2 protein chains.
Amino acid sequence: MKPTLQTVADRVGVSRSTVSNAYSRPDQLSPELRERILDAARELGYSGPNPTARSLRSGRAGAIGVLFTTALSIAFTDPYAVQFLRGLAEVAEDNRTGLLLVPLRDDDEGALEAVRNAAVDGFVVYCVPGWYKAMEAAWARGIPVVNSDHFGSLFVGIDEIASTRAAGEHLMRLGHRRVAIVADYISPDRRTGEVSVPSVEDLGSYVSRERLTGYRDAFAAAGLEWSEVITISAAGNSREHGAAAAAYALDRAPRPTAVVATTDLLALGVLDALAARDLRPGRDVSVIGFDDIPDAAQAHMTTVRQPALDRGRIAGRLLLDPPDDPADRRVVLPTELVVRASTGPASTGSV
Amino acid sequence: MKPTLQTVADRVGVSRSTVSNAYSRPDQLSPELRERILDAARELGYSGPNPTARSLRSGRAGAIGVLFTTALSIAFTDPYAVQFLRGLAEVAEDNRTGLLLVPLRDDDEGALEAVRNAAVDGFVVYCVPGWYKAMEAAWARGIPVVNSDHFGSLFVGIDEIASTRAAGEHLMRLGHRRVAIVADYISPDRRTGEVSVPSVEDLGSYVSRERLTGYRDAFAAAGLEWSEVITISAAGNSREHGAAAAAYALDRAPRPTAVVATTDLLALGVLDALAARDLRPGRDVSVIGFDDIPDAAQAHMTTVRQPALDRGRIAGRLLLDPPDDPADRRVVLPTELVVRASTGPASTGSV
DNA sequence: TTGAAAGCGTTACCAC
DNA sequence: GTGGTAACGCTTTCAA
């Protein structure tokens, strides 16, 4: 039988309230009595108030729920996600709050259950394409939800369209006209391969949709028709999937002079694919990523930098202390096109 | 006012129990009634039983607490930790259990508070040198604690000493006699620099202590005195710290013919330091790491492979379903010395 | 400074 | 198939 407040109270010969005070409001009783209580507790193996009971009573769970795109076991492999989490964790720590990684399993029902059952004070939704039900379940909880990918009441994100438009303009300025785009979650069956995206607006994944839109607009402004652009679906956001997807662009004639990707991880895969074919990035084929993860710099890759750490931090602050002014509840962070060696003028002579 | 079970019960005209059953034991009532209840709930904005109250009643928190070495914001940067977490997350998902990252702040009191206040069913202690108090607090909770670095009742780990002994023997076989070791957490002040470690046994960090012991034993067996070995402290487990520490070995005469490190991250830093000095790994200076993280293979680095993913998985299983037989409560996983190009014969002629 | 009493929102048991 | 009743372990007035 586990000791409870009452056990300790009985032992010392005081009431529950006094023992409770000994832990939660030390100033409410004499130091000696407190010491006696704490001693008794130690002796009885009582390690302090039961967190769950305390939560129930106080109405505070002491944790932030984190909702991920995919299996939580994947989350840690994406450097961008890791940065985001670090920022979030930092703020959580400062507020004596834990981070609860919610297990969103593959089946819909399981995911809903998990969201409804999470003992948390709010949710940070990191990136949940296709999990609208889970998101709705989070909303239904009636606790704050910070969304970084869709527009909700609490939002922290970037101007996705403007960001990729800038990248697209850079490409157009360099004279590229044969372009391929690699994106994840753009084919319904989640396979890797070329896919036709007649209307970007209909894409299910927020991130891919917005980023493709930016490119499309930049291309259009330069007179490049969207229908001429090769769109390739990657089965997931990883370097390997990026390389596999790139093959569909690189192994065709005429070969595109530029291959852009919606994330750095995918773009690094594109670089891998170039290397495997002895093609020189920025000379034979230009490559652009998105995120500016550490490996991007090492690979001398042109990309769009977004402040992942800040996004996490702000998400945490928004959640822990939601501003009253609606205007303050939506934060749009700046991005920056970082030009490195992976982009260069379109080599007109190449086949 | 948030709706509760009672609110819904009143609305439908049934008792609380029936509403509770509608959610938790659907087979206990007629489908029609259940539908009516669920509809009413939706209408009222009731999103299901309060997780905290449910936890209190059922005695199950639905989460595993994860205790990290350092600020949880650091945890994600160590590839080994990430692998471990992935394994753990996998098992947690399968058991509909969340992962609560507990904010161990820098001050002792804050850490204790956090551990005592975490609403979890058990703890996985990943690597907490210097946080003995936090560990004791976890133990005191009276819930299962899986330890991977110290010997507790539930344990999953490797034979640290035998692992590095094998690495040390490899080095001795290659004829190295001027050797430096880079390790983190071996100087009391956590600074980077050469440090004297007269008795390995007294080191505070479990991992560093065990791994140095293995090396020491291997060296001793080959007739190399421990006092002749250069021990260098790294201020933390990162590539940068590894490079900084390596400088203390490489910039002296005579230069060691081998520099080993207690983790791959540190060892990769050593390789960086070699590169900066135009020294060839495996030719001019041999390097050995520990863990076999993905980058190690890419760097052609000799290292000790340990099954990080499995460690995480087993930690989860041990926690969620502690075996009765004490023998099964301690799992020692195999390791393997992976010899790559970063080690070679001691170049007798080098200075 | 201390204690009694009233919940917090749920679930489990046992009658009906 | 359904509904009381009694916990689960704690915190918080409020009165003494």
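Everything quoted here is computed from the prediction, not taken from an experiment.
- Of the side-chain N and O atoms in Thr18(B), one or more sit less than 4.0 angstrom from OP1 or OP2 of dG3(D).
- Formation of a donor-acceptor pair under 3.5 Å by the Arg11(B) side chain with backbone atoms of Glu43(B) is not found in this model.
- Straight-line distance from the CZ atom of Arg141(A) to the C1' atom of dG9(C): 13 Å, rounded to whole Å.
- When side chains are defined from C-beta on, Asp94(A) does not count as touching Arg313(A), because their heavy atoms never get closer than 4.5 Å.
- dT10(C) atom P lies 10 Å from atom NZ of Lys2(B), rounded to whole Å.
- Glu160(B) and Tyr206(B) form no side-chain donor-acceptor contact under 3.5 Å, judged by distance and modelled atom types alone.
- For the pair Met135(A) and Leu67(A), the minimum side-chain heavy-atom distance is 4.5 Å or more.
- Inter-residue side-chain proximity for Lys2(B) and Ile143(A) is flagged as met; some heavy-atom pair is nearer than 4.5 Å.
- To the nearest angstrom, P of dG1(D) lies 13 Å from CZ of Arg34(B).
- One interatomic measurement links the two molecules: CG of Asn50(B) to C1' of dT11(C), which rounds to 13 Å at whole-angstrom precision.
- Using a 4.0 Å heavy-atom criterion, one finds that Leu29(B) contacts the sugar-phosphate atoms exclusively.
- A 6.0 Å sphere centred on CG of Asp27(A) holds more than 12 heavy atoms belonging to other residues, nucleotides or ligands.
- In this structure, Glu32(A) atom CD and dT1(C) atom C1' are separated by 11 Å, rounded to whole Å.
- Taking CG of Asn237(A) as the reference point, atom CG of Asp184(A) lies at 5.0 Å (rounded to 0.5 Å).
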**OP:** Using a 4.0 Å heavy-atom cut-off, write out nucleotides 11-16 of chain D from 5' to 3' as B (base contacted by protein), S (sugar-phosphate only) or - (no contact).
**Re:** BB----
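- When rounded to the nearest whole Å, the span between CD of Gln6(B) and P of dC8(C) equals 10 Å.
- Residues Leu320(A) and Ile64(A) meet the side-chain proximity criterion, which asks for heavy atoms closer than 4.5 Å.
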Original post:
Does the pair Arg86(B) and Leu309(B) meet the rule for a side chain to side chain contact (heavy atoms under 4.5 Å, CB included), with working shown?
Top reply: CA-CA 7 Å; Arg86(B) 284 188 55 186; Leu309(B) 209 55; 3.8 Å; yes
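- Using a 4.0 Å cutoff on non-hydrogen atoms, the parts of residues 39-46 of chain A near DNA chain D are Tyr46(A), ordered by number.
- Rounded to an integer number of Å, the gap from Arg36(A) CZ to dT2(C) C1' is 12 Å.
- The side chain of Leu33(A) approaches dT2(C) more closely than any other nucleotide in the set dT2(C), dG3(C), dG9(C).
- Look at CG on Asp10(A): it is 14 Å from C1' on dG9(D), rounded to the nearest Å.
- Side-chain nitrogen and oxygen atoms of Ser15(A) include at least one within less than 4.0 Å of the OP1 or OP2 phosphate oxygen of dG3(C).
- Checked for salt-bridge contact, Asp39(B) and Arg42(B) meet the test: a charged N lies under 4.0 Å from a carboxylate O.
- Using a 4.5 Å heavy-atom threshold, the side chains of Leu154(A) and Val145(A) count as separate.
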**OP:** Could you provide the dot-bracket string of DNA chain C, using ( ) for intrastrand pairs, [ ] for crossing pairs and | for bases paired to another strand, with Watson-Crick or G-U pairs below 3.5 Å?
**Re:** ||||||||||||||||
Original post:
Would Arg311(A) and Leu333(A) satisfy side chain to side chain contact (heavy atoms under 4.5 Å, CB included), going step by step from the backbone distance to the final call?
Top reply: CA-CA 8 Å; Arg311(A) 254 176 109 153; Leu333(A) 264 21; 3.7 Å; yes
